[in-house]
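Below is one structure, written out as C-alpha coordinates, with a few remarks after it.
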Amino acid sequence: MSSDFEGYEQDFAVLTAEITNKIARVPRLPPDEKKQVVANVEKQLEEAKELLEQMDLEVREIPPQSRGMYSNRMRSYKQEMGKLETDFKRSRIAYSDEVRNELLGDDGNSSENQLIKLREERAHLLDNTERLERSSRRLEAGYQIAVETEQIGQEMLENLSHDREKIQRARERLRETDANLGKSSRVLTGMLRRHGFEEMASQTWT
(Lines give C-alpha, C1' and ligand atoms only; values in the text may rest on other atoms or scores of the structure.)
Protein backbone atom coordinates (compact mmCIF):
# COMPACT_ATOMS: atom_id res chain seq x y z
CA MET A 1 0.00 0.00 0.00
CA SER A 2 2.78 2.48 0.95
CA SER A 3 4.21 2.25 -2.59
CA ASP A 4 0.88 3.51 -4.01
CA PHE A 5 0.88 6.38 -1.53
CA GLU A 6 4.45 7.31 -2.40
CA GLY A 7 3.59 7.26 -6.10
CA TYR A 8 0.73 9.70 -5.54
CA GLU A 9 3.09 11.72 -3.34
CA GLN A 10 5.65 12.13 -6.11
CA ASP A 11 2.95 13.08 -8.63
CA PHE A 12 1.62 15.68 -6.18
CA ALA A 13 5.09 17.18 -5.67
CA VAL A 14 5.69 17.51 -9.42
CA LEU A 15 2.22 18.94 -10.05
CA THR A 16 2.39 21.53 -7.24
CA ALA A 17 5.82 22.66 -8.45
CA GLU A 18 4.37 23.27 -11.93
CA ILE A 19 1.38 25.12 -10.48
CA THR A 20 3.62 27.32 -8.34
CA ASN A 21 5.76 28.26 -11.33
CA LYS A 22 2.73 29.16 -13.43
CA ILE A 23 1.08 31.21 -10.67
CA ALA A 24 4.25 33.29 -10.34
CA ARG A 25 4.24 33.96 -14.12
CA VAL A 26 0.59 35.03 -14.42
CA PRO A 27 0.95 38.78 -13.59
CA ARG A 28 3.78 39.23 -16.12
CA LEU A 29 2.19 37.49 -19.11
CA PRO A 30 0.41 39.13 -22.08
CA PRO A 31 -3.42 39.10 -21.72
CA ASP A 32 -4.06 36.26 -24.17
CA GLU A 33 -1.41 34.03 -22.64
CA LYS A 34 -2.63 34.90 -19.13
CA LYS A 35 -6.09 33.53 -19.88
CA GLN A 36 -4.61 30.27 -21.13
CA VAL A 37 -2.27 29.86 -18.13
CA VAL A 38 -5.04 30.71 -15.66
CA ALA A 39 -7.31 28.06 -17.22
CA ASN A 40 -4.45 25.54 -17.12
CA VAL A 41 -3.73 26.26 -13.45
CA GLU A 42 -7.41 25.78 -12.58
CA LYS A 43 -7.31 22.35 -14.23
CA GLN A 44 -4.08 21.37 -12.45
CA LEU A 45 -5.47 22.46 -9.09
CA GLU A 46 -8.37 20.07 -9.62
CA GLU A 47 -5.89 17.30 -10.47
CA ALA A 48 -3.95 18.06 -7.28
CA LYS A 49 -7.17 17.82 -5.25
CA GLU A 50 -7.92 14.44 -6.82
CA LEU A 51 -4.43 13.22 -5.89
CA LEU A 52 -5.02 14.32 -2.29
CA GLU A 53 -8.28 12.39 -2.25
CA GLN A 54 -6.51 9.26 -3.52
CA MET A 55 -3.80 9.68 -0.88
CA ASP A 56 -6.48 10.09 1.79
CA LEU A 57 -8.08 6.81 0.71
CA GLU A 58 -4.73 5.05 0.87
CA VAL A 59 -4.06 6.38 4.39
CA ARG A 60 -7.43 5.07 5.60
CA GLU A 61 -6.39 1.57 4.54
CA ILE A 62 -3.28 1.67 6.75
CA PRO A 63 -3.54 -0.06 10.15
CA PRO A 64 -4.09 2.54 12.93
CA GLN A 65 -0.77 1.74 14.62
CA SER A 66 1.13 2.66 11.42
CA ARG A 67 -1.03 5.54 10.22
CA GLY A 68 0.52 8.44 12.19
CA MET A 69 3.41 9.26 9.84
CA TYR A 70 1.19 9.28 6.75
CA SER A 71 -1.47 11.39 8.48
CA ASN A 72 1.14 14.04 9.33
CA ARG A 73 2.30 14.12 5.72
CA MET A 74 -1.29 14.49 4.54
CA ARG A 75 -1.82 17.50 6.82
CA SER A 76 1.27 19.12 5.33
CA TYR A 77 0.05 18.50 1.77
CA LYS A 78 -3.40 19.90 2.54
CA GLN A 79 -1.82 23.06 3.98
CA GLU A 80 0.30 23.30 0.83
CA MET A 81 -2.84 22.98 -1.27
CA GLY A 82 -4.55 25.75 0.70
CA LYS A 83 -1.59 28.10 0.15
CA LEU A 84 -1.57 27.34 -3.56
CA GLU A 85 -5.25 28.21 -3.85
CA THR A 86 -4.70 31.47 -1.91
CA ASP A 87 -1.74 32.42 -4.11
CA PHE A 88 -3.76 31.65 -7.21
CA LYS A 89 -6.58 33.93 -6.02
CA ARG A 90 -4.09 36.74 -5.41
CA SER A 91 -2.56 36.18 -8.81
CA ARG A 92 -5.99 36.30 -10.46
CA ILE A 93 -6.87 39.49 -8.59
CA ALA A 94 -3.67 41.11 -9.84
CA TYR A 95 -4.46 39.86 -13.32
CA SER A 96 -8.01 41.29 -13.10
CA ASP A 97 -6.68 44.65 -11.85
CA GLU A 98 -4.32 44.90 -14.79
CA VAL A 99 -7.11 44.11 -17.24
CA ARG A 100 -9.36 46.73 -15.63
CA ASN A 101 -6.60 49.35 -15.77
CA GLU A 102 -6.02 48.61 -19.43
CA LEU A 103 -9.74 49.01 -20.18
CA LEU A 104 -9.98 52.23 -18.16
CA GLY A 105 -6.80 53.67 -19.59
CA ASP A 106 -5.09 53.81 -16.21
CA ASP A 107 -1.36 53.80 -16.97
CA GLY A 108 -0.42 53.23 -13.29
CA ASN A 109 2.31 55.86 -13.27
CA SER A 110 1.77 56.77 -9.65
CA SER A 111 5.08 56.24 -7.86
CA GLU A 112 3.31 55.11 -4.71
CA ASN A 113 1.25 52.52 -6.55
CA GLN A 114 4.32 51.30 -8.40
CA LEU A 115 6.24 50.92 -5.14
CA ILE A 116 3.42 48.95 -3.51
CA LYS A 117 3.10 46.78 -6.59
CA LEU A 118 6.83 46.08 -6.71
CA ARG A 119 6.86 45.15 -3.02
CA GLU A 120 3.93 42.79 -3.47
CA GLU A 121 5.51 41.15 -6.53
CA ARG A 122 8.83 40.75 -4.72
CA ALA A 123 7.16 39.14 -1.68
CA HIS A 124 5.13 36.90 -3.97
CA LEU A 125 8.19 35.80 -5.93
CA LEU A 126 10.12 35.05 -2.73
CA ASP A 127 7.22 32.99 -1.42
CA ASN A 128 6.96 31.07 -4.69
CA THR A 129 10.71 30.44 -4.72
CA GLU A 130 10.52 28.95 -1.22
CA ARG A 131 7.56 26.86 -2.30
CA LEU A 132 9.47 25.52 -5.30
CA GLU A 133 12.39 24.60 -3.06
CA ARG A 134 10.08 22.73 -0.68
CA SER A 135 8.47 20.87 -3.57
CA SER A 136 11.91 19.96 -4.91
CA ARG A 137 12.98 18.64 -1.51
CA ARG A 138 9.80 16.57 -1.24
CA LEU A 139 10.40 15.16 -4.71
CA GLU A 140 13.98 14.23 -3.81
CA ALA A 141 12.76 12.61 -0.59
CA GLY A 142 10.15 10.64 -2.51
CA TYR A 143 12.77 9.48 -5.00
CA GLN A 144 15.06 8.41 -2.15
CA ILE A 145 12.22 6.41 -0.59
CA ALA A 146 11.60 4.72 -3.93
CA VAL A 147 15.31 3.83 -4.26
CA GLU A 148 15.44 2.44 -0.72
CA THR A 149 12.26 0.43 -1.31
CA GLU A 150 13.77 -1.03 -4.49
CA GLN A 151 16.95 -1.96 -2.61
CA ILE A 152 14.97 -3.68 0.14
CA GLY A 153 12.99 -5.60 -2.48
CA GLN A 154 16.19 -6.68 -4.22
CA GLU A 155 17.67 -7.88 -0.93
CA MET A 156 14.51 -9.86 -0.18
CA LEU A 157 14.67 -11.49 -3.61
CA GLU A 158 18.33 -12.39 -3.08
CA ASN A 159 17.54 -13.87 0.35
CA LEU A 160 14.69 -15.91 -1.12
CA SER A 161 17.02 -17.15 -3.85
CA HIS A 162 19.61 -18.22 -1.26
CA ASP A 163 16.93 -19.95 0.82
CA ARG A 164 15.68 -21.80 -2.25
CA GLU A 165 19.20 -22.98 -3.01
CA LYS A 166 19.60 -24.21 0.58
CA ILE A 167 16.32 -26.10 0.39
CA GLN A 168 17.33 -27.68 -2.91
CA ARG A 169 20.70 -28.77 -1.49
CA ALA A 170 18.96 -30.21 1.59
CA ARG A 171 16.59 -32.16 -0.63
CA GLU A 172 19.50 -33.52 -2.67
CA ARG A 173 21.30 -34.63 0.52
CA LEU A 174 18.10 -36.28 1.72
CA ARG A 175 17.75 -38.18 -1.56
CA GLU A 176 21.39 -39.27 -1.34
CA THR A 177 20.83 -40.41 2.24
CA ASP A 178 17.74 -42.38 1.23
CA ALA A 179 19.69 -43.99 -1.60
CA ASN A 180 22.56 -44.92 0.72
CA LEU A 181 20.14 -46.35 3.27
CA GLY A 182 18.53 -48.41 0.52
CA LYS A 183 21.90 -49.78 -0.54
CA SER A 184 22.87 -50.55 3.07
CA SER A 185 19.54 -52.27 3.62
CA ARG A 186 20.02 -54.47 0.55
CA VAL A 187 23.58 -55.35 1.55
CA LEU A 188 22.48 -56.20 5.09
CA THR A 189 19.60 -58.31 3.81
CA GLY A 190 21.96 -60.19 1.53
CA MET A 191 24.38 -60.81 4.37
CA LEU A 192 21.61 -62.12 6.61
CA ARG A 193 20.38 -64.44 3.88
CA ARG A 194 23.87 -65.84 3.23
CA HIS A 195 24.43 -66.29 6.95
CA GLY A 196 21.11 -68.14 7.22
CA PHE A 197 22.00 -70.42 4.31
CA GLU A 198 25.40 -71.21 5.80
CA GLU A 199 23.84 -72.21 9.14
CA MET A 200 21.32 -74.45 7.40
CA ALA A 201 24.08 -76.07 5.40
CA SER A 202 26.22 -76.74 8.47
CA GLN A 203 23.30 -78.30 10.27
CA THR A 204 22.60 -80.53 7.31
CA TRP A 205 26.18 -81.90 7.13
CA THR A 206 26.33 -82.46 10.83
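Only this structure's heavy atoms are used, side chains among them; waters, hydrogens and symmetry mates stay out. On a predicted model such as this, the values are computed, not experimentally measured, just so you know.
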Between [atom1] on residue [X] and [atom2] on residue [Y], distance to nearest 0.5 Å:
| X | Y | atom1 | atom2 | answer |
| --- | --- | --- | --- | --- |
| N21 | T16 | CG | OG1 | 11.5 Å |
| L51 | M81 | CG | CE | 9.5 Å |
| D11 | E50 | CG | CD | 12.0 Å |
| L45 | I23 | CG | CD1 | 6.0 Å |
| E9 | L52 | CD | CG | 10.5 Å |
| L84 | Y77 | CG | OH | 13.0 Å |

Side-chain donor-acceptor contact under 3.5 Å, E58 with Y70: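 No, no side-chain donor-acceptor contact under 3.5 Å.
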
Residue that, paired with K49, satisfies side chain to side chain donor-acceptor pair (under 3.5 Å) out of Q44, E85, Q54: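 Answer to the side chain to side chain donor-acceptor pair (under 3.5 Å) test with K49 among Q44, E85, Q54: E85.
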
CZ/R171: more than 12 non-hydrogen atoms of other groups inside 6.0 Å: no

Heavy-atom side-chain contact between V41 and R25 under 4.5 Å: no

Under 3.5 Å: donor-acceptor pair, side chain of S91, backbone of D87: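 No, the answer is negative, given that no donor and acceptor are paired below the 3.5 Å cut-off.
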
Steps toward side chain to side chain contact (heavy atoms under 4.5 Å, CB included) verdict (R73, M69): CA-CA 6 Å; R73 282 151 72 171; M69 177 182 68; 3.5 Å; yes

Least distance between heavy atoms, M74 atom then V59 atom: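 Result for this residue pair: CG-CG2, 3.8 Å.
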
